[in-house]
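By convention here, the first residue in the shown sequence is residue 1.
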Amino acid sequence: METEESRQRMKNSVGRAAVVALSVLLQVIWIVALAMKLTEYYAAISTIASLLALLVALRIYGEHINSAYKLSWIVLILVFPVLGLCLFLIFGNESSIVFIKKYFSHKQFDLMQTLPENTEDAEKLRSLDLGIYNQTRYLRNICGYPVYADTDVVYYGDTVKALEAQKEALRSAEHFIFMEYHAIEDSAPWQGIEEILEEKAKAGVDVRVFYDDMGSIGFLSKPFAKRLQSKGIQCRVFNPLMPVMNVFMNNRDHRKITVVDGKVGFTGGYNLADEYFNYTHPYGQWKDSGIRLTGKAVRSLTVTFLEMWNTMQKTQEDPTPFLVEYEYEAKDPSFVQPYADTPMDQEYTGENVYLNLIKNAKKSVYITTPYLIIDDEMQRELTLAAGRDVDVRIVTPGIPDKKIVYQATRSNYAALASKGVRIYEYTPGFLHSKQFVCDGEIAAVGTINMDFRSLYLHFENGCLFYGGQAVKDVGKDFEELFSVAEEVTGKYAGKRNSALRGVQCILRLFAPLM
């Protein structure tokens, strides 16, 4: 039963969100009104704006960013010069956050130095499979994340089991607990965790909680962080919502990480809210997944957490106490490589991992994603794989959480289905897991959707793992998904009417800006 406290909490959070939304809306309306007035009454200003729009469009074209993202802005600016320029200066002009980017890059560089190369593990992988080794080298050489051999991986296709395993690990904490989530809801799943965190904090364990303000705004009231602090739990909020439009508000912390003593770690697609564990069913049966790491690879998750935690303080914290070396012998030998992605650089790590998996697939590529809003490069790799007789299958939700985004997802089906990619929809409800499995031998599980926000705008994380039972378990989970999902390949491979094609073209054109 809903308590008075929970109703008040929801009222406060919705009120804060409404104030921010109204403020931003008023600013957008003011910009639109100003743009229309300037265009209507001042021909000279309109001409100047058109010339300026052309120059800005050329500048955007010359930038080293995703081509689909560039095209969306260029079309908007050239068709609506004054309005497009105003919106670009507020939402698309990344030069306004140059200082923030330098700040993040500095913090990340210092911490990445604490992830040394595991030469012996890398060479062992090289001797087993050169193709897989080469994929891991990208994450090491360009992004700084090493591959580890001494780590056990457990895959959870059932988030309830994942949550119970997480609680069990939290109860065993002796030194520190780090938790970073896009969304936390002050309800039953979280409250069970909070009881353990409070107990551990009283016992002297260093407990830290970090969450994204946008992701949690509908779930938490403002006093939440203060409540945790009063219990000895350190709590920080990433990128708090402000009633002012700015580019950085687009960059959210979408990561999901739990680290216990640097020995056990959890990540995956699920947040800590009711629907992720099917306590509530806003979109039918919710399907998600996650993994538990035990062993040396947890070090990378620890560093990833500290990277974001340290962005909320001026001085750099010494990470040494949290990066103690210890021996661990894996029970189920495999190679594990946790990694993270940041919008503060020009390296699209999450997308590149996915592209590498598709390019190197020999037999099969199975994918789950809640949103399928991809660029030409991703589409080409998927269809090329299908063209060389790789069994490419993508599973998306059957019940949408965002209707416009759902239509944008479906607008990408036809180009894929017509070239041999098999498309499924998870008819029982909403599919939120983000995972790949290729050839039954390598898998990726994490937070990274196949959409522009995850691939280019958000802070994300994932884990690549090769060999071992966990990869097989991901494969089994896919087989279970296929049995309950509806294949819609044939429906979208044929001809569509002109009106539908037109609407879908517009959706795809502006999807990068959604």
Side-chain angles (χ1 to χ4, degrees), residues 107 111 114-115 150-152 154 156 161-212 216 220 223-238 253 255-268 270-273 277 290-313 315-328 338 340 461:
K107 297 279 187 180
L111 280 166
T114 66
L115 293 176
D150 297 317
T151 303
D152 282 308
V154 176
Y156 299 101
K161 293 181 180 178
L163 181 63
E164 288 308 309
Q166 211 163 331
K167 289 180 180 178
E168 182 181 352
L170 292 172
R171 293 187 187 98
S172 70
E174 297 178 347
H175 304 293
F176 67 88
I177 294 172
F178 295 160
M179 301 189 73
E180 176 182 353
Y181 284 84
H182 176 66
I184 295 175
E185 182 177 7
D186 194 4
S187 59
W190 168 256
Q191 287 162 6
I193 288 174
E194 186 176 324
E195 290 176 5
I196 300 171
L197 299 184
E198 181 179 8
E199 178 185 335
K200 288 298 175 179
K202 288 178 179 177
V205 174
D206 185 347
V207 182
R208 306 183 185 189
V209 174
F210 191 70
Y211 66 89
D212 183 83
S216 302
L220 299 177
F224 176 78
K226 292 182 180 179
R227 187 182 83 205
L228 296 191
Q229 298 280 8
S230 70
K231 295 180 178 182
I233 301 168
Q234 298 182 63
C235 183
R236 293 179 181 174
V237 184
F238 179 76
D253 182 3
R255 297 173 180 176
K256 290 97 177 171
I257 294 171
T258 291
V259 178
V260 178
D261 293 340
K263 297 180 179 181
V264 180
F266 292 82
T267 191
Y270 64 94
N271 287 295
L272 302 178
F277 308 100
I291 56 173
R292 182 186 73 199
L293 306 181
T294 307
K296 294 188 176 181
V298 178
R299 184 185 185 97
S300 290
L301 287 181
T302 305
V303 167
T304 298
F305 173 89
L306 289 172
E307 172 195 342
M308 296 300 284
W309 183 265
N310 285 344
T311 62
M312 305 302 293
Q313 59 188 24
T315 57
Q316 181 76 31
E317 181 178 14
D318 179 14
T320 305
F322 309 108
L323 300 173
V324 178
E325 292 282 355
Y326 65 94
E327 292 300 318
Y328 183 84
N461 76 281

**OP:** To the nearest 0.5 angstrom, please state how far the CG atom of L170 sits from the CD atom of E199.
**Re:** 11.0 Å

Subject >> Short side-chain to backbone donor-acceptor contact, Y328 and D152, under 3.5 Å >> reply: no

Original post:
Quick one: are F305 and N310 in side-chain contact, heavy atoms under 4.5 Å?
Top reply: no

Original post:
So, does Q234 use its side chain to make a donor-acceptor pair with the main chain of V209 at under 3.5 Å?
Top reply: no

Subject >> Spacing of CG belonging to D212 relative to CD1 belonging to I184, to within rounding of 0.5 Å >> reply: 10.0 Å

Subject >> Nearest-0.5 Å distance, OG1 of residue T311 to CG of residue L306 >> reply: 11.0 Å

Original post:
Just how far is it from atom CD of Q191 to atom CD of E198, taken to the nearest 0.5 Å?
Top reply: 12.0 Å

Original post:
Which is it for H175 and V205 under the side chain to side chain contact (heavy atoms under 4.5 Å, CB included) test, yes or no, and what are the steps along the way?
Top reply: CA-CA 5 Å; H175 304 293; V205 174; 5.9 Å; no

**OP:** Kindly say whether L323 contributes a backbone atom to a donor-acceptor pair with the side chain of R299 at under 3.5 angstrom?
**Re:** yes

**OP:** Measure across L115 and S300 and return the closest heavy-atom pair with its distance rounded to 0.1 Å.
**Re:** CD2-OG, 3.8 Å

Original post:
Below 4.5 Å, heavy atoms only, C-beta onward: do V303 and P319 meet side chain to side chain?
Top reply: no

Subject >> Ring-ring centroid check F224 Y211, cutoff 6.0 Å >> reply: yes

**OP:** Dump the intermediate steps for side chain to side chain contact (heavy atoms under 4.5 Å, CB included) on M308 and D253, then the final yes or no.
**Re:** CA-CA 9 Å; M308 296 300 284; D253 182 3; 3.9 Å; yes

Subject >> Shortest non-hydrogen contact between A169 and F266, atoms and distance >> reply: CB-CE1, 3.6 Å

Subject >> Heavy-atom pair of closest approach, residues V260 and S172 >> reply: CG1-OG, 4.3 Å

Subject >> Check: V324 and P321 side chains under 4.5 Å, non-hydrogen atoms >> reply: no

**OP:** Take V259 and V264, measure what side chain to side chain contact (heavy atoms under 4.5 Å, CB included) needs, and give me the verdict at the end.
**Re:** CA-CA 6 Å; V259 178; V264 180; over 6 Å; no

Original post:
If you take all heavy atoms of I291 and L293, which pair is closest and at what distance?
Top reply: CD1-CD2, 4.0 Å

Subject >> Residues, nucleotides or ligands: over 12 heavy atoms within 6.0 Å of K167 NZ >> reply: yes

Original post:
Around atom CD of E168, are there more than 12 heavy atoms of other residues, nucleotides or ligands at under 6.0 Å?
Top reply: no

**OP:** Grab the two heavy atoms, one from I233 and one from A201, that are nearest each other, plus how far apart they are.
**Re:** CG1-CB, 4.3 Å

**OP:** Going by the side chain to side chain contact (heavy atoms under 4.5 Å, CB included) test, name the single residue among H182, E194, E185, M179 that passes it with L272.
**Re:** M179

Original post:
Just wondering, do P338 and N461 contact through their side chains at under 4.5 Å, heavy atoms?
Top reply: no

Original post:
Say you draw a straight line from CZ of F277 to OG of S187; how long is it, rounded to the nearest 0.5 Å?
Top reply: 9.0 Å

Original post:
side chain to side chain donor-acceptor pair (under 3.5 Å) between T258 and Y181: does it pass, once the steps are laid out?
Top reply: CA-CA 8 Å; T258 291; Y181 284 84; 2.7 Å; yes

Subject >> Salt bridge E307-R255, side-chain N to carboxylate O under 4.0 Å >> reply: yes

Subject >> Criterion ring pair (Phe, Tyr, Trp, His ring centres under 6.0 Å) on F176 and F322, from CA distance to verdict >> reply: CA-CA 8 Å; F176 67 88; F322 309 108; 5.1 Å; yes

Subject >> Electrostatic pair E325:K296 at N-O distance under 4.0 angstrom >> reply: no

Subject >> Face-on cation placement of K256 at Y270 ring, 6.0 Å and 45° thresholds >> reply: no

**OP:** Decide yes or no for E317 and W309: does some side-chain heavy atom of the first lie under 4.5 Å from some side-chain heavy atom of the second?
**Re:** yes

Original post:
Closest approach of L111 and T114, non-hydrogen atoms and distance?
Top reply: O-OG1, 2.5 Å

Original post:
Which of these passes side chain to side chain donor-acceptor pair (under 3.5 Å) with Y156: Q166, R292, K161, E164?
Top reply: R292

Original post:
Which is it for I193 and L163 under the side chain to side chain contact (heavy atoms under 4.5 Å, CB included) test, yes or no, and what are the steps along the way?
Top reply: CA-CA 9 Å; I193 288 174; L163 181 63; 3.8 Å; yes

Original post:
Does N271 reach the main-chain N or O of A273 with its side chain, forming a donor-acceptor pair under 3.5 Å?
Top reply: no

Original post:
How many angstroms lie between atom CG of L228 and atom CG of L197, to the nearest 0.5 angstrom?
Top reply: 8.0 Å

